[in-house]
Number of protein chains: 2
Amino acid sequence: MKIGELAKLAQCSVETIRFYEKEGLLPTTERTLGNFRVYGPAHIERLRFIRNCRALDMSHEEIHTLLRLADQGGDGCSAINEVFDEHIAHVDTRIKELEQLKQQLAELRQHCQSNHNPCGILQGLADMEIPSKLDKKRTHLG
Amino acid sequence: MKIGELAKLAQCSVETIRFYEKEGLLPTTERTLGNFRVYGPAHIERLRFIRNCRALDMSHEEIHTLLRLADQGGDGCSAINEVFDEHIAHVDTRIKELEQLKQQLAELRQHCQSNHNPCGILQGLADMEIPSKLDKKRTHLG
DNA sequence: TACACACCCTGAAGTTACTATAGAGTCAAC
DNA sequence: GTTGACTCTATAGTAACTTCAGGGTGTGTA
């Protein structure tokens, strides 16, 4: 199988596959005489694994860790659970942040229902106290 | 006022201010004889406006639009509301995505409570159907 | 045989919103 | 005159790709 076919099977672009190879998420493959990459079933499985992790918003670093643990085989469950639990915590944190944000936005939005000058929203944006959020370090999620 | 003082007042780094200037969010300023940037009250207000927008996770593009509308003055309220409502929609979309994600993660997490081989989580990650989410275009919100 | 056309290759640059670093200049105080 | 805090520009790095330029491969058709 060539790269285009693999891309279709995994619902991603050809460029993404080449990028994953460069990143070390996918192994380098054999090549045809014409220097085309050749893939087999094992590659499909690994790529789908990666794409599923990405769909769950895991970072490449997290995926690397999981792949290493998967390649080791055996009793890596507690390490795997750790990666997973941390990731769930990231998602949770981000949801809470966004919900707070949404509330602030809704409040500001109240400031302007019709045309007037100066605009209440702009005024609100100028007058807001800078929230502490910008001080915190972010996770890899937005 | 020099750049360091402005940075303190707006709770951001000196580099960020120079970056905003290069991006066109902040206007270029006058300089001292020694080529140091000089700022006044108007700059504080504009920078705080920008930082507040960023705290609300607006993109530079959105902020640019708002600043243009603010600079025009007058009756831009409906355009402003449009930018705002779109942004609120982005936040809302992202929250819903993340909540769906969280549920998927929780389900996968169930697959593994203790050590076993092959690990249920890894198996689940390999077997998942690739969610449609990756097809969709993302907003600027991670 | 010639050519079109779909597919593949590499390497580099662009995206977003910064942060970090290098190497140099400014300025006030001691 | 020198220390130290501050400033300047320009460049590279971050994450996870996407896009582009400039080519090569392989197959089908005229």
Side-chain angles (χ1 to χ4, degrees), chain A residues 1-26 28-39 43 47 50-65 67 87 90 94 133-142, chain B residues 1-26 28-39 43 47 50-65 67 87 90 94 133-142:
Chain A
M1 181 180 13
K2 279 183 291 180
I3 199 168
E5 200 180 336
L6 179 61
K8 254 172 217 147
L9 286 174
Q11 299 174 47
C12 70
S13 75
V14 164
E15 290 78 20
T16 299
I17 295 174
R18 286 198 280 250
F19 175 68
Y20 287 168
E21 182 185 314
K22 203 160 47 181
E23 289 282 280
L25 288 173
L26 286 174
T28 57
T29 61
E30 303 200 353
R31 303 288 184 113
T32 64
L33 288 177
N35 199 30
F36 289 6
R37 287 171 182 83
V38 182
Y39 296 98
H43 296 102
L47 180 53
I50 296 168
R51 293 306 283 170
N52 283 335
C53 288
R54 288 293 303 136
L56 296 171
D57 268 352
M58 291 185 194
S59 69
H60 281 192
E61 200 185 337
E62 285 170 322
I63 299 171
H64 257 302
T65 304
L67 284 173
H87 182 64
H90 292 165
R94 185 59 178 149
K133 184 215 124 186
L134 281 174
D135 300 341
K136 292 179 216 151
K137 286 181 218 90
R138 317 293 301 276
T139 68
H140 66 275
L141 291 171
Chain B
M1 178 179 16
K2 279 182 293 180
I3 198 168
E5 200 180 337
L6 178 62
K8 254 173 220 146
L9 285 174
Q11 298 174 47
C12 71
S13 75
V14 164
E15 290 79 21
T16 298
I17 294 174
R18 287 197 281 249
F19 175 67
Y20 287 168
E21 182 185 315
K22 202 160 47 179
E23 289 283 280
L25 289 174
L26 286 174
T28 56
T29 60
E30 304 202 348
R31 303 287 185 115
T32 64
L33 289 177
N35 199 31
F36 289 6
R37 290 172 181 81
V38 183
Y39 296 98
H43 295 101
L47 180 53
I50 297 168
R51 293 306 282 171
N52 282 336
C53 288
R54 288 293 304 134
L56 295 170
D57 267 353
M58 292 185 193
S59 69
H60 281 191
E61 200 185 337
E62 287 170 321
I63 299 171
H64 257 301
T65 305
L67 283 172
H87 182 63
H90 291 164
R94 186 57 178 150
K133 183 216 124 185
L134 281 175
D135 300 342
K136 293 179 216 150
K137 287 181 218 92
R138 314 293 300 276
T139 69
H140 64 275
L141 293 170

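Protein chains get the first letters and strands the later ones, always in sequence-line order, with residue 1 at the start of each.
- The CE atom of A:M58 sits 12 Å away from the P atom of D:dA16 (whole-angstrom rounding).
- As a whole-Å value, the separation of B:R54 CZ from C:dT19 C1' is 14 Å.
- Mapping A:F19 and A:F36 onto DNA chain D by nearest heavy atom places A:F19 closer to the 5' end of the strand.
- Of the candidates D:dA16, C:dC9, C:dA20, C:dC9 carries the atom nearest the A:I3 side chain, counting heavy atoms from C-beta on.
- If B:G34 and A:K8 are placed on DNA chain C by their nearest nucleotide, the residue sitting closer to the 5' end is A:K8.
- Nearest heavy atoms, B:S13 versus B:A7: C-CB, 4.0 Å.
- Using a 4.0 Å heavy-atom cutoff across all strands shown, A:R37 reaches sugar-phosphate atoms only and no base atom.
- Taking atom CD of residue B:E15 and atom C1' of nucleotide D:dT7, one finds them 11 Å apart after rounding to whole Å.
- Close to C:dT19, at under 4.0 Å from its OP1 or OP2, lies a side-chain N or O of B:S13.
- As rounded to whole Å, 12 Å separates atom C1' of D:dA15 from atom CD1 of A:I63.
- By the neighbour-count criterion of 12 heavy atoms within 6.0 Å, atom CD of A:E61 is sparsely surrounded, having that number or fewer from other residues, nucleotides or ligands.
- For the pair A:I17 CD1 and D:dA16 P, the interatomic distance rounds to 18 Å; values are reported in whole Å.
- Residues B:Y20 and B:R54 have side chains that never bring a donor and an acceptor to within less than 3.5 angstrom of each other.
- A salt bridge links B:R37 with B:E21; the closest basic N to acidic carboxylate O contact falls under 4.0 Å.
- Between the NZ atom of A:K22 and the P atom of D:dA15 there is a distance of 15 Å, rounded to whole Å.
- What separates CZ of B:R18 from P of C:dA20 is a distance of 13 Å, to the nearest Å.
- Remark: C1' of C:dT15 and CD of B:E23 are 11 Å apart, rounded to the nearest angstrom.
- Between B:S59 and C:dT16 there is no side-chain N or O to OP1 or OP2 distance below 4.0 Å.
- Heavy-atom distances to DNA chain C give each of B:E61 and B:T32 a nearest nucleotide, and the one nearer the 5′ end belongs to B:E61.
- Between B:T16 and C:dA17 there is no side-chain polar atom (N or O) within less than 4.0 angstrom of OP1 or OP2.
- Among the nucleotides C:dC9, D:dC17, C:dT19, the one closest to the side chain of A:N35 is C:dC9.
- Toward the 5′ end of DNA chain D lies the nearest nucleotide of A:Y20, the other residue of the pair A:Y20 and A:L33 mapping further downstream.
- Between C:dC9, C:dC8, D:dT9, one nucleotide has an atom nearer to the side chain of A:R31 than all others, and that is C:dC9.
- Of the listed residues (B:V38, B:T29, B:L9), just one forms a side chain to side chain contact (heavy atoms under 4.5 Å, CB included) with B:M1, and that residue is B:L9.
- Listed pair B:H60 / C:dT15 fails the phosphate criterion, with no side-chain N or O lying under 4.0 Å from OP1 or OP2.
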